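What follows is one structure encoded as C-alpha cells, with my remarks underneath.
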Amino acid sequence: MEKMTDKVRIGIFGGSFNPIHNGHVTLASSLLKGARLDEVWLMVTPQNPWKQESELMDDKVRLWLAQEAVKDIPGLVASDYEFHLPKPSYTWNTLQALSKDYPERQFVLLIGGDNMERFDNWYEHDKIVANYDVVVYPRQGTRIDRKKLPPRVKVVRTPLINISSTEIRARIRQHLPIDHLVPPPVAEAIKEKGLYAEEELKRS
C-alpha cells in the first residue's frame, strides 16, 4: 500500500487489550510496516459495544499495561484518547474526533477480517469507508473477498497468532504461567500487582 498523502499516517488499532499480549504487539508492528504507516496507536477502549463492560479490568490498568508493552517499540503508541469521548466508543465518532483534533494527520482504521465480515453492522460503516482508508488483516477462520471490498479498503498480510486475552485471564486464575504470551513488562506487572486474579476481576 503506497502512501498517497504528505500527511502523517496514523493507524488506529482499537481494542479492550484485556490484557494486551504478544499477538497484539506483533500485529501492530506488522501493520506499521505492511500498511506503510508512520505510527500505530493502540486505542484502548473503555467500552466495546460488542462486550459487557463488567468483563473489563479498570481502564487505567489496561492502558498502563499497554503502555508498558510498547514503551520501547518505535512507532507504537498506547492511547487513552477514547477515555475522553462519550460512551460507547463507536469507531466513526472516534475517527471524526481525531480528525478534528489532529487535522495535520491522516487516520487509517485497522481491523481484523472477522470485523470486516460484520462491518455492515457497525455504526455509520458507510461513512467510515467513504472518508477513511481501512486496512484489514487476516484472522483465523475468516475469508476476505478482495473483489467485494470498497475502494478505500485494503488487505495487508500479517502473521496469524493464536493468542487471546480470554486465555490469558483464565491461565492467571489457574495460576499457570503467561510469560510466553505477554511482553515481559506486562507479565511482571500482572504478577507484582496480582492483576486478573478472580477477586481483582470482581472489583473491576
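The figures that follow rest on heavy atoms only: side chains count, while hydrogens, waters and symmetry mates do not. Keep in mind the model is a prediction, meaning the values are calculated, not measured. Throughout, numbering of the chain's residues begins at 1 and tracks the sequence.
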State, yes or no, whether a side-chain contact exists between [X] and [Y] at a heavy-atom distance under 4.5 Å.
X	Y	value
Val186	Trp64	no
Phe17	Leu65	no
Asn22	Ile163	yes
Lys87	Pro46	yes
Pro183	Glu68	no
Thr26	Pro159	yes
Asn93	Leu85	no
Leu31	Val135	yes

Please round to the nearest 0.5 Å and tell me the distance separating atom [atom1] of [X] and atom [atom2] of [Y].
X	Y	atom1	atom2	answer
Tyr81	Leu63	OH	CG	15.0 Å
Ile128	Gln96	CD1	CD	9.5 Å
Leu98	Ser79	CG	OG	7.5 Å
Asp126	Trp92	CG	CH2	8.5 Å

Treating [X] as the side-chain partner and [Y] as the backbone partner, does any N or O pair qualify as donor plus acceptor under 3.5 Å?
X	Y	value
His24	His21	yes
Asp133	Val153	no
Ser99	Leu95	yes
Tyr132	Lys127	no
Thr158	Tyr137	no
Arg152	Asn131	yes
Arg9	Phe107	no
Arg62	Leu56	no

Assess the side chains of Glu117 and Thr142: does a donor N or O sit below 3.5 Å from an acceptor N or O? no
Do [X] and [Y] share a hydrophobic cluster, counting only Ile, Leu, Val, Met, Phe, Trp and Tyr and linking them when any side-chain heavy atoms are less than 4.5 Å apart?
X	Y	result
Met43	Val8	yes
Ile12	Tyr102	yes
Ile168	Leu160	no

Start with the C-alpha distance between Asp80 and Val44, add both sets of side-chain angles, then the distance that settles side chain to side chain contact (heavy atoms under 4.5 Å, CB included), and finish with yes or no. CA-CA 6 Å; Asp80 66 349; Val44 182; over 6 Å; no
Can you sort out the partners of [X] under side chain to side chain contact (heavy atoms under 4.5 Å, CB included), two or more places apart, ordered by chain and number?
X	answer
Ile73	Val25, Ser29, Leu76
Ile144	Val136, Leu149, Val155
Glu188	Glu192
Val77	Glu39, Trp41

Does anything in residues 92-115 pair up under salt bridge (Lys or Arg N to Asp or Glu O under 4.0 Å), and if so which pairs, sequence neighbours excluded? Asp114-Arg139
State plainly whether the residues Lys7 and Asp38 are in salt-bridge range, i.e. N to O under 4.0 Å. no
Determine whether Tyr196 and Asn18 satisfy the following criterion, side chain to side chain contact (heavy atoms under 4.5 Å, CB included), listing intermediate values before the conclusion. CA-CA 9 Å; Tyr196 292 100; Asn18 192 38; 2.8 Å; yes
Considering residues, nucleotides and ligands other than His180, do more than 12 of their heavy atoms fall under 6.0 Å from its NE2? yes
For Ile172 and Ala197, work out which heavy atoms get closest and say how close. CG2-N, 4.1 Å
Of all heavy-atom pairs between Leu42 and Ala28, which one has the smallest distance, and what is that distance? CD1-CB, 4.3 Å
Audit row: Val134, Ile111, side chain to side chain contact (heavy atoms under 4.5 Å, CB included) steps and yes/no: CA-CA 7 Å; Val134 178; Ile111 63 173; 4.1 Å; yes
Yes or no on side chain to side chain contact (heavy atoms under 4.5 Å, CB included) for His125 and Val129, after CA distance, side-chain angles and deciding distance? CA-CA 7 Å; His125 62 92; Val129 296; 5.8 Å; no
Apply salt bridge (charged side-chain N to carboxylate O under 4.0 Å, His left out) to Glu167 and list each qualifying residue two or more places apart in sequence or on a separate chain. none
